[in-house]
Each structure stands twice: as structure tokens, then as C-alpha cells.
*Asks:* 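Once you've had a glance at the structure underneath, I'll fire off some questions.
By convention in this document, chain letters (A, B, ...) are assigned in the order of the sequence lines, proteins followed by strands, and residues within each chain are numbered from 1. Hydrogens, waters and symmetry mates are skipped; everything else that's a heavy atom, side chains included, is used.
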Amino acid sequence: MWWKILIFAAMSAVIIAAFMTPSPMNPAISLGDADVYRIFYFHVPQAWVAALAFVLSMIFSIKFLKTRDMQYDTKAVLAAKLGLVFAVLATVTGSIFAKMTWGEFWNWAEIREVSIFILLIIYGAYFALRSALPNAETKATLSAVLSILFAVSAVFLIFILPRLYADFSQHPSDSVVDREGQITMGATVAAIFFSSLAVFTALFAWIYNVSLRIAKAYDKNLPEN
Amino acid sequence: MPGSSVSWAAKVLAVTRKDITAEFRTRYAINSILMFALVTLTVISMALGLMTPDSDLMAALFWVILFFAAMSGLAQVFIKEEEAGTALILKLSTEGLVIFFGKLIFNLLLLTVLSVLIVPLFIILLKVTPQNWAVFLIGLVLGDIGLAGATTIIAAIVAKATVKGALFTVLSFPILLPLLMAVIDITKVAFGGGNFGDISTGLQLLVAYDVVMVTVSVMLFDFVWRQ
Amino acid sequence: MLKLEIDKLAKWFGQRKIFEDINLTLEIGQSAAIIGPNGSGKTTLLRLIMGLSYPTRGEVIFSEDGKKLDFDGYRKRMALVSPYLSLYDALTGFENLRFFAKVDGRAVSNDEMNEVLEKVGLGGRGEDFVGAYSTGMKQRLKYAVALLKDPAIFLVDEPSANLDESGRNIVRGIIRAKKKDSLLILATNEKEEYELAGQFCQLGG
């Protein structure tokens with residue numbers, strides 16, 4: 001219960017701070033309306049949680065293959081479900097931002113838009129496979145293998161994407177990091193941003209825990225492993 | 001009944017040879033793959049018509065055709081074993097990795113046949129010639145190895161699904177994406193007349209991808225196969 | 001000495017219990033029959049014994065001289081005949097026999113193949129495509145493949161499925177012979193067959 005209250009209070013504080021402080025935009029090198037840049041406080045943490053959930057889901061998948069304990073499969077699926085939700089949120093907020101600043105919802109020349117879209121496809125493929133498999137055991141095993149394969153592929157993408165997109169990234173380089181990879185945030189922006197990151201991570205952990213308890217209650221008449 | 005023993009490589013080749021024999025007699029995969037490639041090629045070359053697209057676009061189109069043709073047939077190696085009911089006895093008859101490499105080699109041969117057919121047709125119909133054949137061929141060979149190496153385990157996964165449909169393509173795409181990006185880059189250079197100096201990073205990446213994907217598949221294959 | 005121990009085995013599919021508390025110990029020269037109505041989990045139990053499915057609880061252990069065998073350790077010496085498995089229709093009888101022996105690491109002579117085909121009553125049909133065989137002939141060829149492997153662990157699911165009277169007699173002859181030199185498990189509801197086994201494992205109540 002206190003978890004819920006704490007997250008609610010912290011999230012409210014982040015939202016208020018995000019709108020009451022000056023915009024994180026650096027007018028010297030950025031386009032568009034300064035207020036639009038406030039989305040950065042929410043968009044980036046969502047993308048972070050989407051990626052974190054993917055890594056978590058893969059770790060649970062490895063644990064499942066090692067132990068054959070179905071509770072790890074339940075955990076892997078939960079993490080993936082939440083990851084999918086946050087990936088959708090990040091894609092939508094990112095594309096609203098793109099429309100407001102560059103005039104189009106989608107741009108294939110933007111590396112981070114491409115990355116989050118690939119993450120969406122990965123989640124989609126994971127659930128497409130699960131729904132096509134006949135029983136719980138096969139679902140658990142094969143989707144665990146798939147999620148490890150996706151993770152390996154993702155590592156290659158992390159290497160190859162920046163190389164291909166080096167020349168024409170439009171992502172606001174002033175908001176968190178510049179083109180040389182240096183952090184350029186001011187102290188206030190950094191404080192709000194990292195608080196938001198922490199709150200979104202906590203929110204994810206809280207939803208995950210509640211869902212896990214529901215899943216366990218539902219499976220109560222299953223034998224103990 | 002003790003017989004003379006057979007080496008590991010001979011077992012693998014026995015699996016490949018069995019599939020080739022069955023393929024020649026039934027034409028299960030090859031016809032559909034080749035026709036699919038031909039149809040895609042025709043659609044693209046007719047659609048482009050009188051346009052003169054640049055070589056960058058051509059490189060992408062070349063791999064799009066190869067990707068979709070491969071997707072139309074490479075999963076058959078495992079689907080036909082599951083559907084015919086032969087997978088069960090095969091699991092008890094040999095090590096999982098013998099099956100994995102036997103099927104991998106078969107798919108690689110299938111892709112080689114496909115490439116040998118597609119390349120001349122692509123050059124004739126789309127009027128584009130690689131300016132640097134060596135770069136083009138090394139990209140093609142490493143690309144084919146990657147296509148077969150990364151999707152063989154996916155084929156085994158898809159064979160277990162009740163609704164196979166487009167699942168093979170859906171699952172393979174995120175895994176093949178790094179391969180496709182690297183190999184399209186190399187083919188662009190080949191069409192544009194660059195040389196090996198321009199593709200060194202791409203080549204390293206491609207070799208690393210092929211090695212890593214096959215290694216990871218080897219580590220995971222038994223989980224999929226022993227179901 | 002090869003030994004199978006099944007200890008408090010239970011299998012659930014999701015919320016549905018298939019069976020639980022299955023116990024069985026077998027050695028070479030001993031046999032067991034799994035009996036029970038349709039849907040009681042006979043085939044599922046066989047899959048668990050083969051290591052192609054995982055127990056919800058309990059374990060299945062093959063061991064040799066007290067040392068636990070891994071999957072490949074017992075798989076090499078195991079053969080299965082079942083209506084749920086098929087051989088290659090696009091290959092001939094000989095090609096099937098040669099293929100399954102070869103991937104298992106053995107080269108077999110024509111004499112050996114002719115011998116097992118004679119045993120199952122398929123003498124002279126080795127050059128024919130399996131696709132042209134009747135269901136009964138296919139079932140006989142499965143026994144030929146199994147016999148060629150000379151298994152120490154022999155699993156038979158519905159031994160006489162699809163077989164005519166002469167086929168049944170051949171199969172019962174094979175089962176009697178294998179009973180002596182292998183660890184034999186039958187899944188059947190035919191009285192004449194389960195009576196051949198030394199132990200029973202009753203599923204489904």
C-alpha cells in the first residue's frame with residue numbers, strides 16, 4: 001500500500017516539476033516550440049523501461065531454461081507484456097514530438113525511432129509465437145529460446161545502427177547528450193530527468209509485482225514446484 | 001547388430017543427403033522458393049519499368065527478393081518432419097546437433113541454388129551489374145550463410161506452432177535485420193564500384209554475425225528439438 | 001546394468017492433471033505394461049520416459065551401474081514403435097533402414113536389412129517406396145527399424161495398431177524375444193499384450 005502512495009506522490013511531483021521549470025530545450029540548436037521538449041521527461045523513461053523489461057524478460061527466460069520452473073516463464077511473460085505497453089507509449093510520445101518539431105510523425109532516418117520500432121516488432125513477434133504454440137510447456141521453452149535469440153540480434157543492432165545512421169540523426173541532441181555523447185543537461189533538468197527515470201522504473205516494478213501476485217493467485221490450484 | 005562406426009560428419013551429411021533425395025522426389029521446397037523469387041523479381045522489374053533507379057535502391061531490392069524467397073521455403077526442413085510425423089523417431093535416432101547441421105547445410109544448398117538463379121536474372125531484368133564482382137560475391141556468400149545459419153533454429157521453432165502461416169517471416173525478421181543492413185551496405189558498395197577498403201567494417205560485422213548466430217543456435221537447439 | 005527409475009512422477013497440462021504419483025523401477029530383462037483408458041496419459045508417460053517432455057513433479061532416471069545417463073546416453077540405446085511416428089514416404093524401405101542406422105552411427109549391410117525385413121514379414125519389399133506401403137506394412141517397417149537398432153530400451157505404444165492377424169503374431173513374437181534382453185515398456189489395452197509384461201502401471205483411476 002505505501003508503495004502505491006509513494007509512487008503516486010513522486011510521479012505527481014515529477015509531473016509538476018516538468019511543467020513548472022523552464023523547458024529542457026536549448027534554443028541555440030533546437031527547432032520548434034520550447035514546451036514540446038518537456039515530453040523528454042516522460043518519453044525517455046518510457047523507452048528506458050521498455051528496454052529494461054526486454055532485458056528482464058530475457059534473464060527470466062534463461063532462468064526458465066536452466067530450471068524448467070514455470071514461475072520464471074510467468075515472470076518472463078509479465079515483463080514482456082509491460083515492456084510492450086511501455087514500448088507503445090514511448091513510440092507514441094516520440095512520434096508526437098517528431099510531428100511537433102520536424103513536421104512528420106515518422107522518420108526512418110531517425111535512429112532512436114527505428115530502435116524503438118524494432119523493439120515493438122520484437123515484442124510483437126514474441127507474443128505472436130506464444131499464441132501459435134499448443135501447450136504451456138512448449139510456449140515457455142520456445143519463447144524463451146526466441147527471446148535469447150532476439151537479445152543477441154539486438155546486440156548486433158546496437159553496433160550496426162549508429163554506424164549506418166551516423167550522418168543524419170535528427171534526434172534532439174541537446175536534450176540529454178550531444179553528438180559527441182557528452183551529457184549537456186543543466187542541474188535542474190538532470191534532477192527532474194533522473195527522478196522521472198526512477199519513478200517510471202518504480203512504477204514498472206509495482207505493476208509487475210501486482211500482476212505477479214494476480215498470476216500466482218490464479219495458479220494457486222497448480223501443484224507446488 | 002554391431003556395424004562399423006560412422007563419423008560425426010558422415011551422420012550430418014546423411015541427414016542432408018536424405019533431405020536432398022526426398023526433395024528431388026517430392027519438390028517440396030525448391031519449386032515454391034524459385035517461383036516465389038521469380039514472381040517477386042518480375043513484379044519489381046515490371047513496376048520499375050522505365051525508371052532508372054540508383055544502385056543503392058537496387059542493392060536493397062536485391063536483398064528484399066532474396067529475403068522473401070528464403071522466407072517462403074527455408075522453414076520447410078523442419079515443418080515437413082513435424083507434419084509427416086517423422087520428427088519423433090528422428091529425435092531418438094541421433095544427436096540434436098547432427099540434425100541441426102544437416103538441415104543447416106541443406107538450407108544453405110537451397111539458398112545457393114536460389115542465388116545462382118536470381119543473380120543473372122536480376123542483372124538481365126533490372127539492368128544493373130556489380131561494378132566490383134569480388135565484393136558482390138563475398139557479400140552474397142556471407143549473406144547466404146547468415147540467412148541459413150540464423151533461421152535454421154527459427155524453422156525448428158515454427159514447426160511446433162499450430163498456425164504456421166507468416167510466423168517464420170515474423171520471427172526471422174528481427175533476427176535477420178542486422179544481417180540485412182550489413183549485407184545491403186556491402187552490395188551497395190559492389191554496385192557502386194567501391195572496393196574492399198569500403199566494406200571492411202561490414203565484412204567484420206557479417207563474419208561475427210554468422211559465427212555468433214550459429215554458436216548461439218548450437219547452444220539453444222536441444223531445447224527446441226527435444227520437445 | 002541399465003536401470004530405469006520413475007519416482008513419484010506427476011504431469012499437469014496447465015490446470016489439468018494428467019496423472020500423479022507414478023512409480024516404476026525396471027532393469028534389463030524386466031518389462032512393464034502401461035494400461036488405462038484413452039486419454040489417461042499413456043502416450044504422455046512414454047514421452048516423459050523418452051525425455052521429450054518434462055515432469056511437473058518427480059523424475060525419470062535412466063542409470064547404468066549407478067551412474068545417471070543423460071539424454072544422449074539412453075537415447076542411443078532406445079527404440080520406439082508407435083502409431084504416432086512415421087517413416088519417410090519418399091524413401092524406400094531399404095533407404096529408411098539405412099538412413100536411421102547411419103544417423104545413429106552405424107553402417108548396415110544389405111544382409112542385415114534383409115534379415116530384419118524377413119523378420120517382420122516384409123521380405124522382398126525393401127526396394128518399394130514407403131509411400132506405397134499400406135498402413136499395416138508401415139507399422140511392420142517401424143519394427144524393422146527398431147530391431148535394426150537392437151535397443152536395450154524398447155518402448156512400444158499400441159503394439160498391434162493397424163496390424164492384421166499375422167502382423168499381430170509377428171509383433172507378439174518380437175515382444176516375447178525383446179522381453180528377455182531389453183528393458184521393455186508396452187502401452188496397450190489389449191489383454192494378450194499386457195499379459196506379456198511382468199509389471200503393470202495403471203493410469204486413469
*Asks:* Would you say C:Glu20's side chain and C:Lys11's backbone share a donor-acceptor pair under 3.5 angstrom?
*Replies:*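 Such a contact is absent between C:Glu20 side chain and C:Lys11 backbone.
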
*Asks:* With a 3.5 Å distance limit and no angle check, can you tell me whether C:Tyr133 reaches the backbone of C:Asp89 through a side-chain donor-acceptor pair?
*Replies:* no

*Asks:* Among the options B:Leu13, B:Leu88, B:Leu92, pick out the one with the most heavy-atom pairs lying under 4.5 Å from chain C.
*Replies:* B:Leu92

*Asks:* Given that the side chain runs from C-beta out, which part of C:Val81 has a heavy atom under 4.5 Å from chain B: side chain, backbone, both or neither?
*Replies:* neither

*Asks:* Kindly state whether the ring of B:Phe62 and the ring of B:Phe136 have centres lying under 6.0 angstrom apart.
*Replies:*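 Centroid distance B:Phe62-B:Phe136: below 6.0 Å, so yes.
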
*Asks:* At a heavy-atom distance under 4.5 Å, which candidate from B:Leu90, B:Val12, B:Asp222 has the highest pair count against chain C?
*Replies:*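 Highest number of heavy-atom pairs under 4.5 Å: B:Leu90.
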
*Asks:* Could you pull out the closest heavy-atom pair between C:Leu147 and C:Lys119, with the gap in Å?
*Replies:*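 Looking at all heavy atoms of both residues, the closest pair is CD1-CD, 4.1 Å.
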
*Asks:* Could you tell me which portion of B:Arg25 (side chain, backbone, both or neither) has an atom closer than 4.5 angstrom to a non-hydrogen atom of chain C?
*Replies:* side chain

*Asks:* At a heavy-atom separation under 4.5 Å, does B:Ala84 approach chain C through its side chain, its backbone, both, or neither?
*Replies:*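 Contact with chain C involves the backbone of B:Ala84 alone.
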
*Asks:* At a heavy-atom distance under 4.5 Å, which candidate from C:Lys76, C:Arg98, C:Met50 has the highest pair count against chain B?
*Replies:*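 Of the options given, most contacts go to C:Met50.
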
*Asks:* What option among C:Phe129, C:Phe71, C:Tyr54 has the most heavy-atom pairs under 4.5 Å with chain B?
*Replies:* C:Phe71

*Asks:* Measuring heavy-atom distances to chain C, does B:Thr26 have an atom under 4.5 Å in its side chain, in its backbone, in both, or in neither?
*Replies:*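 When you check distances to chain C, only side chain atoms of B:Thr26 fall under 4.5 Å.
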
*Asks:* Taking C:Glu95, C:Met78, C:Lys142 one by one, which has the highest count of heavy-atom pairs under 4.5 Å against chain B?
*Replies:*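 That would be C:Glu95.
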
*Asks:* Please determine if B:Glu82 and B:Lys164 form a salt bridge, counting it only when a charged side-chain N lies under 4.0 Å from a carboxylate O.
*Replies:*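 B:Lys164 and B:Glu82: not salt-bridged.
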
*Asks:* Counting only heavy atoms not in C:Met1, do more than 12 sit closer than 6.0 Å to its CE atom?
*Replies:*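 Atom CE in C:Met1 is crowded, with more than 12 foreign heavy atoms closer than 6.0 Å.
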
*Asks:* For C:Asp104, which atoms come within 4.5 Å of any heavy atom of chain B: side chain, backbone, both, or neither?
*Replies:*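 For C:Asp104, heavy atoms of backbone and side chain both lie under 4.5 Å from chain B.
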
*Asks:* Between B:Ala14, B:Ala10, B:Gly96, B:Ala22, which has the largest tally of heavy atom pairs under 4.5 Å with chain C?
*Replies:* B:Ala14

*Asks:* By a 4.5 Å heavy-atom criterion (distance strictly below it), what part of C:Phe99 contacts chain B: side chain, backbone, both, or neither?
*Replies:* side chain

*Asks:* May I ask you to check whether over 12 heavy atoms, not counting those of B:Phe24, lie within 6.0 Å of atom CZ?
*Replies:* no

*Asks:* Anything under 30° is parallel, anything over 60° is perpendicular, the rest tilted; go ahead and classify B:Phe221 against B:Phe100.
*Replies:* tilted

